[in-house]
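Report on the structure given below.
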Amino acid sequence: MLDINTNEARELLFNAAGRLGVTLGGAQLEQFMMYMDMLLTWRERFNLTAISDPREVVLKHFTDSLSVVPHIGGDTANAVDVGTGAGFPGIPLKLALPGLRVTLLDAVNKRVGFLNAVIEALELEDIRAVHTRAEDAARVGGDHREFYDLAVSRAVASLPALSEYALPFVRPGGSFVAMKGPSVQDELDSAGQAIQTLGGSYASTISVEIPYTDIIHSLVIISKFSHTPPRFPRKASQIAKRPIIR
């Protein structure tokens, strides 16, 4: 794709978001452009993204993140983005839904430093970046355990593992949205036992086509109906080597 200027990027984002049913005002679009400028300026130093083309940032990062907005039930929830990386999907969700309270979790301190710089530059409120591993933050007795109405994650992990990382953050009655690729049925088949064991219940899979691309993603919606047993989440090595599967 060819590079585009800021005005073209702003228009592309407005139109792409609109096709998803998300309306962005002028101030929100300006915040996205500031975010993009910081991302592209800092990306190599902080290992934030391999993408260097503004058009691809708009579509593959911003618009992809915004695809969650119509499916999370309003803008007043308390949400956690597990393994947020450069802030996806958490920061775009906050920009689109200013009333959303957001916690961004990442295990890499440099990335958390970038996220804090973005939060300050965009003058965002009710959003924080926390340097921690998900399996540590969600343990029994911690401030994050079953504290959130909503968990979201675009992290690259199998659904059984991702469920163990994310569901302990969600209160009973809340939900977890896992952003996955187009072919997710095999992961769903293997994750059923994990989801149930962790207090969750599979709700639905929503197929999303990212506007102006040929990319199709899946949003896996998991409802939390009961408390996660105290022994979960386990250590990362155990989650990786012995996932909860049938």
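- Of the possible polar contacts, one joining the Ser153 side chain to the Ala155 backbone as a donor-acceptor pair under 3.5 Å is found.
- Side-chain N or O atoms of Glu164 include none that pairs as donor or acceptor with a backbone N or O of Ala161 at under 3.5 Å.
- Between Thr205 and Leu219, every side-chain heavy-atom pair lies at or beyond the 4.5 Å cut-off.
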**Prompt:** Could you go step by step and tell me if Glu8 and Arg55 meet the salt bridge (charged side-chain N to carboxylate O under 4.0 Å, His left out) rule?
**Reply:** CA-CA 9 Å; Glu8 291 170 328; Arg55 179 181 176 88; over 6 Å; no
**Request:** Could you give me the CA-CA distance, side-chain angles and deciding distance for Val58 and Met36, then say whether side chain to side chain contact (heavy atoms under 4.5 Å, CB included) is met?
**Result:** CA-CA 8 Å; Val58 167; Met36 180 173 69; 4.1 Å; yes
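- Taking the six-membered ring where the residue is Trp, Phe88 and His61 present parallel rings, their angle staying beneath 30° rather than reaching 60°.
- Thr132 meets the side chain to side chain contact (heavy atoms under 4.5 Å, CB included) test with Leu105, Val130, Asp136, Ala137; sequence neighbours excluded.
- Sequence neighbours left out, not one pair with a member in residues 86-96 passes side-chain hydrogen bond (donor to acceptor under 3.5 Å, both in side chains).
- Considering CZ of Phe46 and CG of Asn109, their distance stands at 9.5 Å, rounded to 0.5 Å.
- Across all their heavy atoms, Ala236 and Arg133 have their closest contact at CB-NH2, 3.6 Å.
- Between Val57 and Thr49 there is no side-chain heavy-atom pair separated by less than 4.5 Å.
- Looking at heavy atoms from C-beta onward, Val118 lies out of side-chain contact with Trp42 at the 4.5 angstrom threshold.
- Note: Thr84 OG1 to Leu104 CG = 4.5 Å, rounded to the nearest 0.5 Å.
- Under the 3.5 Å distance criterion, the side-chain polar atoms of Glu56 are left unmatched by any main-chain donor or acceptor of Asp53.
- Judged by distance alone, with hydrogens and angles left aside, the side-chain atoms of Asp149 form a donor-acceptor pair with the main-chain N or O of Asn78 at under 3.5 Å.
- Side-chain atoms of Ser218 come within 3.5 Å of backbone N or O of Gly181 as a donor-acceptor pair.
- Side chains of Ser175 and Val170 form no contact here, defined as non-hydrogen atoms less than 4.5 Å apart.
- Counting heavy atoms from C-beta outward, Tyr35 and Pro92 have side chains that approach closer than 4.5 Å.
- Across Leu159 and Ala178, no two heavy atoms sit closer than the pair CD1-CB, 3.9 Å.
- With rounding to the nearest 0.5 Å, the separation of CD1 in Ile195 from OG in Ser163 is 4.5 Å.
- The two residues Ala166 and Ala151 make their nearest non-hydrogen contact at O-CB, 4.1 Å.
- Under the 3.5 Å distance criterion, the side-chain polar atoms of Arg111 are left unmatched by any main-chain donor or acceptor of Ala86.
- With contacts defined as side-chain heavy-atom distances shorter than 4.5 Å, the pair Val220/Val177 does not qualify.
- How far OG of Ser190 is from CD1 of Ile244: 11.5 Å, rounded to the nearest 0.5 Å.
- Taking each heavy atom of Ile239 and Pro233 in turn, the nearest pair found is CD1-CB, 4.5 Å.
- Counting only heavy atoms from C-beta outward, the side chains of Phe114 and Leu39 approach each other to under 4.5 Å.
- Sequence neighbours left out, the pairs with a member in residues 179-188 that pass salt bridge (Lys or Arg N to Asp or Glu O under 4.0 Å) are Lys180-Glu187.
- Taking each heavy atom of Pro89 and Met179 in turn, the nearest pair found is CG-SD, 3.7 Å.
- Inter-residue side-chain proximity for Leu40 and Leu48 is flagged as unmet; no heavy-atom pair is nearer than 4.5 Å.
- With hydrophobic clusters built from ILVMFWY side chains whose heavy atoms lie under 4.5 angstrom apart, Leu198 does not share a cluster with Phe147.
- Partners of Asn47 under the side chain to side chain contact (heavy atoms under 4.5 Å, CB included) rule, at least two apart in sequence or in another chain, do not exist in this structure.
- Leu124 and Tyr148 fall into different hydrophobic clusters, where Ile, Leu, Val, Met, Phe, Trp and Tyr are joined by side-chain heavy atoms under 4.5 Å apart, directly or via other members.
- Looking at Arg128 and Thr103, their side chains do bring a donor and an acceptor atom within 3.5 Å of each other.
- One finds the CE atom of Met33 at 12.0 Å from the CD atom of Gln28 (value rounded to the nearest 0.5 Å).
- Salt bridge Arg234/Glu135: absent, no basic N to carboxylate O contact under 4.0 Å.
- Checked by atom type, the side-chain pair Asn116/Glu120 shows no donor-acceptor distance below 3.5 Å.
- Within a 6.0 Å sphere centred on CZ of Arg43, heavy atoms belonging to other residues, nucleotides or ligands number more than 12.
- Grouping the Ile, Leu, Val, Met, Phe, Trp and Tyr side chains by contacts below 4.5 angstrom, directly or via other members, places Val69 with Tyr212.
- Residue Asp81 comes nearest to Gly90 through the heavy atom pair OD2-N, 2.8 Å, listed as atom of the first residue, atom of the second, then distance.
- In summary, Arg154 and Asp64 engage in a salt bridge, as defined by a charged side-chain N under 4.0 Å from a carboxylate O.
- Between the side chain of Glu146 and the backbone N or O of Pro172, no donor-acceptor pair lies under 3.5 Å.
- Shown here is Phe14, whose CZ atom has no more than 12 heavy atoms of other residues, nucleotides or ligands within 6.0 Å.
- Residue Gln238 qualifies as enclosed at atom CD: its count of foreign heavy atoms under 6.0 Å is above 12.
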**Asked** Yes or no on side chain to side chain contact (heavy atoms under 4.5 Å, CB included) for Leu66 and Leu13, after CA distance, side-chain angles and deciding distance?
**Response** CA-CA 10 Å; Leu66 292 173; Leu13 178 58; 4.0 Å; yes
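- Without hydrogens or angle criteria, Lys224 side chain to Arg171 main chain gives no donor-acceptor distance under 3.5 Å.
- Using a cutoff of 4.0 Å between basic side-chain nitrogens and carboxylate oxygens, Arg19 and Glu209 are not scored as salt-bridged.
- Partners of Ala134 according to the side chain to side chain contact (heavy atoms under 4.5 Å, CB included) rule, which considers only residues two or more places apart in sequence or in another chain, are Val82, Tyr165, Phe169.
- In terms of modelled atom types and a separation under 3.5 Å, the side chain of Asp106 and the main chain of Gly85 share a donor-acceptor contact.
- There is no path of hydrophobic side-chain contacts, each under 4.5 Å, that joins Val140 to Phe232.
- Surrounding NE2 of His71 are more than 12 heavy atoms belonging to other residues, nucleotides or ligands, all under 6.0 Å away.
- Hydrophobic clustering (side-chain heavy atoms under 4.5 Å, transitive across Ile, Leu, Val, Met, Phe, Trp, Tyr) keeps Leu93 apart from Val112.
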**Request:** Give the C-alpha distance, both sets of side-chain angles, the deciding distance and a yes or no for side chain to side chain contact (heavy atoms under 4.5 Å, CB included) between Leu24 and Leu95.
**Result:** CA-CA 9 Å; Leu24 299 175; Leu95 296 181; over 6 Å; no
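- Scanning for side chain to side chain contact (heavy atoms under 4.5 Å, CB included) contacts around Glu11 gives Asn15, with sequence neighbours left out.
- Proximity of a side-chain donor or acceptor of Ser67 to a complementary backbone N or O of Val208 within less than 3.5 Å is not detected.
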**Request:** Go through Leu97 and Ile72 one step at a time and tell me if the side chain to side chain contact (heavy atoms under 4.5 Å, CB included) criterion holds.
**Result:** CA-CA 10 Å; Leu97 302 170; Ile72 60 176; 3.6 Å; yes
